[in-house]
Amino acid sequence: MPFRALLRRKLRYRDATHDVQKLDAASEDFEPVTDPTATNGDIKDVFIHYRAGGLVIRANYVDLRPRKDTQMVFTGEIKTNEKRRWLYQVETSPGKYAGHDELRTYRNYRKACEIGHFFDYRENFTRVVVPLYCLSNPRWVKVSVGAATVQLDEEALKEFLESDSDVPPEGVLVIRADDAGRTDVADQLRFTPRVYR
């Protein structure tokens with residue numbers, strides 16, 4: 001992954017496009033496969049700025065489109081020089097635009113702090129701002145960034161539940177995910193190098 005540090009407090013890097021991984025609940029082996037046609041939630045680059053006011057994490061997408069049958073999730077982790085970790089997540093509800101955010105402790109998943117976020121569907125980006133006091137003001141951070149869409153066909157799900165079939169039809173529940181750091185989706189998202197204040 002070609003990281004490029006700017007003044008040590010900023011980091012900008014590109015992510016491969018057309019590398020979204022798709023997981024269909026109807027697939028036999030339930031393994032993700034690359035879906036090169038998926039553009040919604042496909043991260044193309046990331047910008048991280050660690051400044052006096054807080055940590056800003058921004059992902060730019062090939063396309064970012066709210067749909068009535070799709071939930072969007074922007075998520076990742078933050079590590080610090082103090083050996084502390086946090087999980088951040090912003091998710092929308094199907095058909096809703098704004099979404100809600102949370103910062104949680106990694107160890108016990110407790111809510112840690114209020115953070116801010118913004119989804120810009122015209123400019124195709126998501127931004128999260130974590131105040132420094134939420135992170136106990138560390139010297140440096142490492143960040144992982146990922147996005148996912150969860151698409152649910154409610155009519156097909158209803159038909160499946162009313163049928164005698166044990167296998168859901170294709171497309172009932174489809175999850176598409178992109179790790180901004182590698183071309184596949186692993187159990188853990190890839191971290192950036194250190195970004196200093």
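Keep in mind that this is a model prediction, so the values were computed, not measured. All residue numbers refer to positions in the sequence shown, counting from 1. Just so it is clear, the values below take in all heavy atoms, side chains as well, and ignore hydrogens, waters and symmetry mates.
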Engineer: Pair Asn108, Thr105 - check side chain to side chain donor-acceptor pair (under 3.5 Å), show working.
Structural biologist: CA-CA 6 Å; Asn108 54 21; Thr105 58; 2.4 Å; yes
Engineer: Could you tell me if the side chain of Trp140 sits less than 4.5 Å from the side chain of Thr80, heavy atoms only?
Structural biologist: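 In short, these two side chains do not touch, never coming nearer than 4.5 Å.
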Engineer: Evaluate side chain to side chain contact (heavy atoms under 4.5 Å, CB included) for Val56 paired with Ile48, printing each intermediate quantity in order.
Structural biologist: CA-CA 6 Å; Val56 178; Ile48 297 167; over 6 Å; no
Engineer: Should Val62 and Asn124 count as side-chain neighbours, where that means a heavy-atom distance under 4.5 Å?
Structural biologist: no
Engineer: Where the side chain of Arg197 meets the backbone of Pro138, is there a donor-acceptor pair that is under 3.5 Å apart?
Structural biologist: yes
Engineer: Is it true that Leu152 and Val174 fall in one hydrophobic cluster, defined by side-chain heavy atoms closer than 4.5 Å?
Structural biologist: no
Engineer: Rounded at 0.5 Å granularity, tell me how far CE in Met72 sits from CZ in Arg67.
Structural biologist: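 CZ of Arg67 is found 13.0 Å from CE of Met72.
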Engineer: Give a yes-or-no answer on whether the side chains of Ser136 and Arg84 include a donor-acceptor pair shorter than 3.5 Å.
Structural biologist: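 Checked: Ser136/Arg84 side chains pair up, N/O donor to acceptor below 3.5 Å.
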Engineer: Between atom NZ of Lys10 and atom CZ of Arg51, what is the distance when rounded to the nearest 0.5 Å?
Structural biologist: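 The distance works out to 9.5 Å.
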Engineer: Just checking, is any N or O donor in the side chain of Gln71 or Ser93 under 3.5 Å from an acceptor N or O on the other one?
Structural biologist: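 Note: Gln71 and Ser93 side chains miss the donor-acceptor criterion.
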Engineer: Would you say the side chain of Phe47 lies within less than 4.5 Å of the side chain of Leu11, judging by non-hydrogen atoms?
Structural biologist: no
Engineer: Is the closest side-chain donor-acceptor distance between Arg176 and Gln21 under 3.5 Å?
Structural biologist: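 No, no side-chain donor-acceptor contact under 3.5 Å.
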Engineer: What are the two closest heavy atoms between Arg190 and Asp179, and how far apart are they?
Structural biologist: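 Minimum heavy-atom contact is N-OD2, 3.4 Å.
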Engineer: Please confirm whether the backbone N or O of Ala180 pairs with a side-chain atom of Tyr13, one donor and one acceptor, at under 3.5 Å?
Structural biologist: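 Yes; judged by distance alone, with no hydrogens or angles, the pair exists.
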Engineer: Regarding Asn60 and Asp45, is there a side-chain donor-to-acceptor distance under 3.5 Å anywhere?
Structural biologist: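 There is such a pair between these side chains.
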Engineer: Please step through side chain to side chain contact (heavy atoms under 4.5 Å, CB included) for the pair Val141 and Leu55, ending with a clear verdict.
Structural biologist: CA-CA 9 Å; Val141 296; Leu55 174 65; 3.9 Å; yes
Engineer: Could you pull out the closest heavy-atom pair between Thr92 and Tyr121, with the gap in Å?
Structural biologist: CG2-OH, 3.6 Å
Engineer: Take Val128 and Val90 through the test side chain to side chain contact (heavy atoms under 4.5 Å, CB included) and record every step on the way to the result.
Structural biologist: CA-CA 8 Å; Val128 165; Val90 183; 3.5 Å; yes
Engineer: Does a side-chain heavy-atom distance below 4.5 Å link Glu77 with Val143?
Structural biologist: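 The answer is no, as the side chains (C-beta and beyond) never meet within the 4.5 Å cut-off.
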Engineer: Indicate, with yes or no, if Tyr109 and Tyr106 share a hydrophobic cluster defined by side-chain heavy-atom contacts under 4.5 Å among Ile, Leu, Val, Met, Phe, Trp and Tyr.
Structural biologist: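 Yes.
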Engineer: Looking at Pro36, is its backbone amide N or carbonyl O close enough to the side chain of Thr34 to form a donor-acceptor pair, meaning the two atoms are under 3.5 Å apart?
Structural biologist: no
Engineer: If every non-hydrogen atom of Ala147 is compared with every non-hydrogen atom of Gly41, which pair is closest and at what distance?
Structural biologist: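 Where Ala147 meets Gly41 most closely, the heavy atoms are CB-O, 3.8 Å.
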Engineer: So do the side chains of Thr70 and Val150 get within less than 4.5 Å of each other, counting heavy atoms only?
Structural biologist: no
Engineer: Tell me, do Lys142 and Val195 make a side-chain contact under 4.5 Å, heavy atoms counted?
Structural biologist: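 No; the side chains remain at least 4.5 Å from each other.
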Engineer: Cation-pi check, Arg9 to Tyr50: give yes when NZ or CZ is under 6.0 Å from the six-membered ring centre and within 45° of the ring axis, no otherwise.
Structural biologist: no
Engineer: Among Ile175, Leu173, Asp69, Asn40, whose side-chain contact (heavy atoms from CB on, under 4.5 Å) with Gln151 holds?
Structural biologist: Asp69
Engineer: Drop me the distance from Trp86's CH2 to Arg104's CZ, to the nearest 0.5 angstrom.
Structural biologist: 15.0 Å
Engineer: Parallel, tilted or perpendicular for His117 and Phe119, by the 30°/60° rule?
Structural biologist: perpendicular
Engineer: Are Arg122 and Asp120 ion-paired here, with the side-chain N under 4.0 Å from a carboxylate O?
Structural biologist: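 Salt bridge absent between Arg122 and Asp120.
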Engineer: For Phe125 and Leu64, run side chain to side chain contact (heavy atoms under 4.5 Å, CB included): C-alpha distance rounded to whole Å, both residues' side-chain angles, the deciding distance at 0.1 Å, then the answer.
Structural biologist: CA-CA 7 Å; Phe125 74 82; Leu64 187 62; 5.9 Å; no
Engineer: A side-chain contact here means heavy atoms from C-beta on lying under 4.5 Å apart; do Asp42 and Tyr61 qualify?
Structural biologist: no
Engineer: Test your reading of the model: is there a side-chain donor-acceptor pair from Thr75 to the backbone of Leu87, 3.5 Å cut-off?
Structural biologist: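 No, the answer is negative, given that no donor and acceptor are paired below the 3.5 Å cut-off.
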Engineer: Just wondering, do Leu189 and Val145 contact through their side chains at under 4.5 Å, heavy atoms?
Structural biologist: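 Side-chain contact under 4.5 Å: no.
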Engineer: Enter the distance from Asp35:CG to Leu23:CG here, rounded to the nearest 0.5 Å.
Structural biologist: 11.5 Å
Engineer: For the CG atom of Asp101 and the CD1 atom of Ile115, what is their distance to the nearest 0.5 Å?
Structural biologist: 4.5 Å
Engineer: What distance do Arg110 atom CZ and Leu103 atom CG have between them, rounded to the nearest 0.5 Å?
Structural biologist: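 Answer rounded to 0.5 Å: 12.5 Å.
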